[in-house]
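Both backbone and side-chain heavy atoms feed into the values below; hydrogens, waters and symmetry mates do not. Because the structure is predicted, anything quoted here is derived from the model rather than measured. We name chains A, B, ... by the order of the sequence lines, and we start the count at 1 in each one.
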Protein chains: 2
Amino acid sequence: MTENIEVMLTEKNINPTAMRLLVLDFLLKQSSAISLTDLEKGLDPSDRITLYRALKKFEEKGLVHSIDDGSGATKYALCENNCEAGHHHDLHVHFFCNTCRETSCLPKHHIPQIPLPDGFKSEEVNLIVKGVCNKCVH
Amino acid sequence: MTENIEVMLTEKNINPTAMRLLVLDFLLKQSSAISLTDLEKGLDPSDRITLYRALKKFEEKGLVHSIDDGSGATKYALCENNCEAGHHHDLHVHFFCNTCRETSCLPKHHIPQIPLPDGFKSEEVNLIVKGVCNKCVH
DNA sequence: ACAGGAAGCGCAATGGTATTGCAAACTAGT
DNA sequence: ACTAGTTTGCAATACCATTGCGCTTCCTGT
Ligand SMILES: [Mn+2]
Ligand SMILES: [Mn+2]
Ligand SMILES: [Zn+2]
Ligand SMILES: [Zn+2]
């Protein structure tokens, strides 16, 4: 099991340090995207900055992607495999639940083509839908 | 002219104080959305907190809307008229230029319907396109 | 005109997040 | 075991957002 996690790191050219194994293990257990603070609280006595740099490294190497859901804190979630270092390919919709305040990836829901006025060139799109998630609907 | 600005405020049930007149005047002169810091620098010797509360009041009353463009600082822009207190109706696309770092409203470009998985209910959508704006394309 | 009271303003203070510098600890290759 | 490069922990910094509070200003009823 730890070996499995280690392979995931080495495949992305990330040195599998003890801290990074813990971080990836924690990420794998999540059902929604987490913030740095979530991670810090989840991995008890751990330095926030080290965790911050672990996430940054993961993102840089295409293992996780960051999500700006408007909550003020950047969220992180594992990529869908096809991402490479410095090049993310998982441009999907993200959902923020106003009830449980969890942010989820909707990898099946690609972002539609957005028409723009003449002279505007799109390079990146951030689409975040807010509402009530499937767990909070009653 | 000042009378005109004053009317805009009173129509939205906002007390037209000296500070608020200045803020609205400044907003009317902008061609793109501005941050609180932009406003503070634009209106020379003025208290940041007072400006902050002016913008909050304007937003609450449906005169401006706030934009989270991922830059870290909330941007503000005038609404398209049909907005009411506590109820904004200008759900349009926003564009962030990676070159000039200006954020623009694209009021002609409504946000398309985003399909969601079963059980998810959409209440709000934030769509921000990043790229190169018409002024920066060469 | 006067007394209250509400609204607005300026300043201080707080809390949260992101980011960098630096020295100590650690790893890997020789 | 030694050295070079990487990783870590802690301090420090920089913003941004938000609230508390006393003072001023403006409005209103008497
Ligand atoms: Mn995602
Ligand atoms: Mn807008
Ligand atoms: Zn939920
Ligand atoms: Zn531009």
Side-chain angles (χ1 to χ4, degrees), chain A residues 2 5-6 9-10 12-26 33-61 63-77 85 96 101 103 126 128, chain B residues 2 5-6 9-10 12-26 33-61 63-77 85 96 101 103 126 128:
Chain A
T2 302
I5 299 179
E6 193 169 332
L9 288 176
T10 52
K12 294 286 186 179
N13 291 310
I14 302 169
N15 267 358
T17 68
M19 211 25 67
R20 289 170 181 170
L21 289 171
L22 285 175
V23 171
L24 178 51
D25 181 55
F26 188 80
I34 61 166
S35 69
L36 175 57
T37 301
D38 296 333
L39 180 61
E40 190 185 11
K41 286 175 180 163
L43 299 183
D44 229 7
S46 44
D47 182 58
R48 182 180 181 87
I49 308 302
T50 302
L51 300 176
Y52 169 75
R53 285 195 262 235
L55 290 173
K56 281 294 193 188
K57 174 70 75 175
F58 287 6
E59 184 182 17
E60 173 198 333
K61 297 295 187 178
L63 182 59
V64 307
H65 60 283
S66 61
I67 306 157
D68 180 359
D69 61 6
S71 70
T74 306
K75 302 288 176 63
Y76 299 87
F96 177 80
R101 307 191 62 78
T103 299
N126 184 24
I128 151 112
Chain B
T2 302
I5 299 178
E6 193 168 332
L9 288 175
T10 51
K12 295 285 186 180
N13 291 310
I14 301 169
N15 263 0
T17 68
M19 211 27 68
R20 289 170 181 170
L21 289 170
L22 286 175
V23 171
L24 178 51
D25 182 57
F26 188 80
I34 62 166
S35 68
L36 175 57
T37 301
D38 296 332
L39 180 62
E40 190 185 10
K41 287 174 180 162
L43 298 183
D44 228 7
S46 43
D47 182 60
R48 182 181 181 86
I49 308 301
T50 301
L51 301 177
Y52 169 76
R53 286 194 260 236
L55 290 174
K56 281 295 193 188
K57 173 69 73 174
F58 286 7
E59 184 182 16
E60 173 198 333
K61 297 295 188 178
L63 182 58
V64 308
H65 59 284
S66 61
I67 306 157
D68 180 359
D69 61 6
S71 70
T74 306
K75 301 288 176 64
Y76 299 86
F96 178 79
R101 308 192 63 76
T103 299
N126 184 23
I128 152 115

Quiz item: Is any side-chain heavy atom of A:Arg101 less than 4.5 Å from a side-chain heavy atom of A:Phe96?
Solution: yes
Quiz prompt | Nucleotide C:dA18, atom P - distance to NZ of A:Lys57 in whole Å | solution = 19 Å
Exercise. Could you tell me whether B:Thr50 contacts a base, only the sugar-phosphate backbone, or nothing, with contacts defined as non-hydrogen atoms closer than 4.0 Å?
Key: base
Quiz item: Does the side chain of B:Thr74 get closer than 4.0 angstrom to OP1 or OP2 of D:dA17 through an N or O atom?
Solution: yes
Self-check item: Distance in Å, B:Tyr52 OH paired with B:Thr74 OG1, rounded so as to fall on 0.5 Å steps
Solution: 8.5 Å
Quiz item: For the pair made of CG in B:Asp38 and P in D:dC16, what is the distance, rounded to whole Å?
Solution: 9 Å
Practice problem: Identify which nucleotide among D:dT8, D:dA17, D:dC16 has an atom closest to any side-chain atom of A:Met19, counting heavy atoms from C-beta outward. | Solution: D:dT8
Exercise. Look up atom CG in A:Leu51 and atom CZ in A:Phe58, then write down how far apart they are to the nearest 0.5 Å.
Key: 10.0 Å
Quiz item: Hey, is the side chain of B:Thr17 poking within less than 4.0 Å of OP1 or OP2 on C:dC9, counting only N and O atoms?
Solution: yes
Exercise. Rounded to the nearest angstrom, tell me the gap between atom CG in A:Leu55 and atom P in D:dT8.
Key: 12 Å
Quiz item: Is the shortest heavy-atom distance from the side chain of A:Ile34 to the side chain of A:Phe26 under 4.5 Å?
Solution: yes
Quiz item: What is the distance from CD of B:Glu40 to C1' of C:dG10, rounded to the nearest Å?
Solution: 13 Å
What are the atom names and distances for every N/O pair under 3.5 Å that joins the protein to nucleotides 20-22 of chain D?
{"residue": "D:dG20", "atom": "O6", "partner": "B:Arg53", "partner atom": "NH2", "Å": "2.9"}

Exercise. Could you state the atom-to-atom distance from CG of B:Leu39 to P of D:dA17 in whole Å?
Key: 12 Å
Quiz item: How long is the span from the NZ atom in B:Lys75 to the CG atom in B:Asp69, to the nearest 0.5 Å?
Solution: 4.0 Å
Quiz item: Closest heavy-atom contact between B:Leu9 and B:Pro16?
Solution: CD1-CA, 3.7 Å
Quiz item: How would you list, by chain and number, every residue that makes a salt bridge (charged side-chain N to carboxylate O under 4.0 Å, His left out) with B:Glu40, sequence neighbours excluded?
Solution: B:Arg48
Quiz item: Which is true for A:Thr37 with a 4.0 Å heavy-atom rule: it touches a base, it touches only sugar-phosphate, or it touches nothing?
Solution: sugar-phosphate
Exercise. Considering just the side-chain nitrogens and oxygens of A:Lys56, establish if one lies under 4.0 Å of OP1 or OP2 belonging to C:dT19.
Key: yes
Exercise. Taking the side chain as every heavy atom from C-beta outward, state whether B:Thr37 and B:Lys41 have any atom pair closer than 4.5 Å.
Key: yes
Protein and nucleotides 26-30 of chain C: nitrogen or oxygen contacts under 3.5 angstrom:
none

Quiz item: Atom CD1 of B:Ile34 to atom C1' of D:dC16: distance rounded to whole Å?
Solution: 16 Å
Quiz item: Any idea which of C:dA18, D:dC10, D:dT7 is nearest the A:Tyr52 side chain?
Solution: C:dA18
Practice problem: Would you mind reading off the distance between A:Arg48 atom CZ and D:dA11 atom P, rounded to a whole angstrom? | Solution: 15 Å
Practice problem: Would you mind reporting whether B:Val23 and B:Thr50 have side-chain heavy atoms less than 4.5 Å apart? | Solution: no
Exercise. With the side chain of A:Asp47 defined as its heavy atoms from C-beta on, choose the nearest nucleotide among C:dT17, C:dC9, D:dG9.
Key: D:dG9
Self-check item: Check: A:Leu24 and A:Leu63 side chains under 4.5 Å, non-hydrogen atoms
Solution: yes
Quiz prompt | Whole-Å distance separating the CG atom of A:Asp68 from the P atom of D:dC16 | solution = 15 Å
